[in-house]
Amino acid sequence: MKKKLAQIALSIVGLAVIPSAYAQTFQVKVENLGPQPLSPLIGIAHNAGFDIFTSGSSASLGIKRIAEGGNTAALESIIAGAGSDIGGWGKVAGGPIAPGETRIFSFTTDASHPFFSFAAMLGKTNDGWIGIGQGDEALNLFSGSTAIGGSYLALGSDAWDAGTEYNSQNAADLGFLGGSGNPVDTEGGLIRHHAGIISGRGDSEAQLPAWTQNQELARVTVAPVPEPATMATLGLGLFGLLKRKRKQN
C-alpha cells in the first residue's frame with residue numbers, strides 16, 4: 001500500500017500545473033518523427049512584440065541561415081537585439097537530430113513572455129524548415145499566470161520554404177553534400193509552405209528523403225518543470241498521507 005501511495009503521489013507531481021508569478025523553467029522535448037534530419041532546434045519565449053517570421057514575407061537573415069544550413073547564430077543575434085521582448089531561449093545541443101531521435105533542452109521565461117516560437121532546418125533540402133512564430137500561432141505556455149506548457153505536431157503540410165534559394169536539389173547547392181551555392185529563388189522569394197521534394201529535379205534528388213503532406217515530421221513538447229516549493233509541498237503532503245496510514249495500521 002505504501003508503494004502504491006508513493007506511485008500516486010509521483011503521478012500527481014508529474015501532472016501538477018504550476019502557478020507562476022515569477023520566472024518558470026520549461027523543458028522542451030524535440031522528437032524527429034519524419035524522414036528528414038533536423039538541424040539543432042532553437043526555441044524562443046517572447047511577448048507579442050516579437051515574431052521570428054511571417055508567411056508571405058521575406059525571411060530574416062536568422063531564418064535564412066537556419067533554413068539553408070541549420071546555423072542559429074544570426075537568429076541568436078536578432079534575439080539579443082530584441083531586448084525586453086524576449087523572456088528566454090534555448091536550443092538543442094550537438095549536431096543534427098536524426099530521424100527517430102529525441103533531444104531535450106531547457107529555458108526560463110515568465111507570464112509576461114508567454115509565447116514560444118521555434119525553427120529547425122529540414123536538413124536535406126535547399127531551404128526547407130519547420131517552425132512556428134507569433135504570426136503562425138506560437139504556443140502560449142501560460143494561462144494567466146499559471147504555467148501550462150504546450151505541444152506542436154508538425155506535419156508535411158506545415159513544412160516551410162524560406163524563399164531564399166531555388167530548390168535546385170543539386171549537390172552544389174546542398175550543404176549536407178558539401179555544396180555552397182545559393183541559387184536565386186525563382187518562385188516568389190517569400191516564405192511559403194514547402195512543396196516537398198520534387199521528383200526528377202536535380203542531380204541529388206535520390207538522396208533527399210521525401211515526405212507527404214500528411215506525414216508527421218516532428219513533435220515539440222514544452223512542459224513546465226516543477227518548482228522546488230511545489231515539490232516540497234507535494235512531498236510534505238505525501239509524508240502526511242503515509243504517516244496517517246501507518247497510524248491506521
Side-chain angles (χ1 to χ4, degrees), residues 27-44 52-53 59 61-76 89-106 116-133 136 151-183 185 191-222:
Q27 183 182 83
V28 183
K29 180 169 71 172
V30 183
E31 302 170 82
N32 187 344
L33 306 175
Q36 285 267 342
L38 300 174
S39 69
L41 182 145
I42 182 170
I44 311 105
I52 61 172
F53 76 96
L61 182 62
I63 291 297
K64 172 182 168 68
R65 293 284 188 254
I66 289 174
E68 292 182 5
N71 189 325
T72 63
L75 184 54
E76 290 176 34
W89 66 278
K91 65 178 181 178
V92 168
I97 308 169
E101 187 177 2
T102 296
R103 302 267 191 91
I104 62 173
F105 67 91
S106 298
F116 179 77
S117 302
F118 71 84
M121 180 189 184
L122 290 163
K124 295 185 177 182
T125 65
N126 280 92
D127 60 347
W129 54 288
I130 59 170
I132 52 174
D136 187 53
S151 182
Y152 178 81
L153 176 64
L155 301 178
S157 57
D158 299 315
W160 294 103
D161 187 316
T164 57
E165 279 194 6
Y166 174 65
N167 296 330
S168 70
Q169 303 183 165
N170 288 323
D173 305 319
L174 294 165
F176 83 99
L177 291 175
S180 58
N182 191 26
D185 184 85
I191 293 175
R192 56 190 180 271
H193 285 291
H194 203 290
I197 303 303
I198 301 169
S199 179
R201 178 185 289 181
D203 58 31
S204 298
E205 180 256 326
Q207 299 184 61
L208 311 182
W211 64 87
T212 66
Q213 293 295 290
N214 294 323
Q215 188 167 3
E216 296 180 352
L217 300 182
R219 180 183 290 107
V220 179
T221 306
V222 188

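Counting from 1, the numbers follow the sequence of the chain as shown.
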Checklist entry - Are Thr164 and Glu68 close enough, and set up right, to give a side-chain hydrogen bond (donor to acceptor under 3.5 Å, both in side chains), and what steps lead you there? => result CA-CA 8 Å; Thr164 57; Glu68 292 182 5; 2.8 Å; yes

Checklist entry - side chain to side chain donor-acceptor pair (under 3.5 Å) with Asp173: which residues, sequence neighbours excluded? => result Ser168

Checklist entry - Between Gly94 and Pro40, what is the shortest heavy-atom contact and its length? => result O-CG, 3.2 Å

Item to check | Spacing of CH2 belonging to Trp211 relative to CD belonging to Glu216, to within rounding of 0.5 Å | outcome: 15.5 Å

Item to check | Side chain to side chain, Leu38 and Ile130, heavy atoms closer than 4.5 Å | outcome: yes

Item to check | Donor-acceptor pair, side chain of Asp136 and main chain of Gly133, under 3.5 angstrom | outcome: no

Checklist entry - Looking only at atom types and distance, does a side-chain atom of Arg103 sit under 3.5 Å from a main-chain N or O of Pro96, one as donor and one as acceptor? => result yes

Checklist entry - In chain order, what residues pass the salt bridge (Lys or Arg N to Asp or Glu O under 4.0 Å) check against Lys124, with sequence neighbours excluded? => result none

Item to check | Residues forming a salt bridge (Lys or Arg N to Asp or Glu O under 4.0 Å) with Arg192, sequence neighbours excluded | outcome: Asp161, Asp185, Glu187

Item to check | His193 vs Ser157 side-chain heavy atoms within contact, under 4.5 Å | outcome: no

Item to check | Worked verdict on Leu153 versus Val220 for side-chain contact (heavy atoms from CB on, under 4.5 Å) | outcome: CA-CA 7 Å; Leu153 176 64; Val220 179; over 6 Å; no

Checklist entry - Is there side-chain contact between Thr72 and Arg65, with at least one heavy-atom pair below 4.5 Å? => result no

Next on the checklist: In the structure I gave you, are the side-chain heavy atoms of Thr125 and Leu208 within less than 4.5 Å of one another anywhere?
Outcome noted: no

Checklist outcome for this item: Across all chains, not counting sequence neighbours, the salt bridge (Lys or Arg N to Asp or Glu O under 4.0 Å) partners of Glu205 are none

Item to check | Close side-chain approach of Trp89 to Ile42, heavy-atom, < 4.5 Å | outcome: yes

Checklist outcome for this item: So NZ of Lys29 and CD1 of Ile104: to nearest 0.5 Å the spacing works out to 9.5 Å

Next on the checklist: Under a 3.5 Å distance rule, please check whether Ser39 uses its side chain to pair with a backbone N or O of Met121 as donor and acceptor.
Outcome noted: yes

Checklist entry - Going from CG on Leu41 to CD1 on Ile97, what distance comes out if it is rounded to the nearest 0.5 angstrom? => result 6.0 Å

Next on the checklist: Test your reading of the model: is there a side-chain donor-acceptor pair from His194 to the backbone of Ala159, 3.5 Å cut-off?
Outcome noted: no

Next on the checklist: If you define the side chain from C-beta out and look only at heavy atoms, does anything of Lys64 sit under 4.5 Å from Asn182?
Outcome noted: yes

Next on the checklist: Keeping Asn126 on the side-chain end and Gln169 on the backbone end, is there a donor-acceptor pair under 3.5 Å?
Outcome noted: yes

Checklist entry - How long is the gap from CD1 on Ile66 to CG on Leu61, to the nearest 0.5 Å? => result 10.0 Å

Checklist entry - Nearest heavy-atom pair of Ala59 and Ala162: which atoms, and what distance? => result CB-O, 3.7 Å

Checklist entry - Donor-acceptor pair, Ser204 side chain versus Gln207 backbone, under 3.5 Å? => result no

Checklist entry - What is the minimum heavy-atom distance between Gly202 and Asn170, and which atoms define it? => result CA-OD1, 3.1 Å

Item to check | Phe53 and Trp129 aromatic centres sub-6.0 Å | outcome: yes

Item to check | Pairing of Lys91 and Glu76 as salt bridge, 4.0 angstrom limit | outcome: yes

Checklist entry - Residues two or more places apart in sequence or in another chain: which of them pass salt bridge (Lys or Arg N to Asp or Glu O under 4.0 Å) with Asp127? => result none

Checklist entry - Hey, mind stepping through Val28 and Phe118 against side-chain contact (heavy atoms from CB on, under 4.5 Å) and telling me if it holds? => result CA-CA 11 Å; Val28 183; Phe118 71 84; over 6 Å; no

Checklist entry - Under the 3.5 angstrom rule, does the side chain of Trp160 hit a backbone N or O of Gly131 as a donor-acceptor pair? => result yes

Item to check | Asn167 CG to Ile198 CD1 distance, which is reported to the nearest 0.5 Å | outcome: 5.5 Å

Checklist entry - Are the side chains of Ile44 and Ile52 in touch, meaning some heavy atoms are under 4.5 Å apart? => result yes

Checklist entry - Can any side-chain N or O of Asn32 pair as donor or acceptor with the backbone N or O of Gln36 at less than 3.5 Å? => result yes

Next on the checklist: Can you list everything that forms a side chain to side chain donor-acceptor pair (under 3.5 Å) with Ser117? Sequence neighbours excluded, please.
Outcome noted: His46

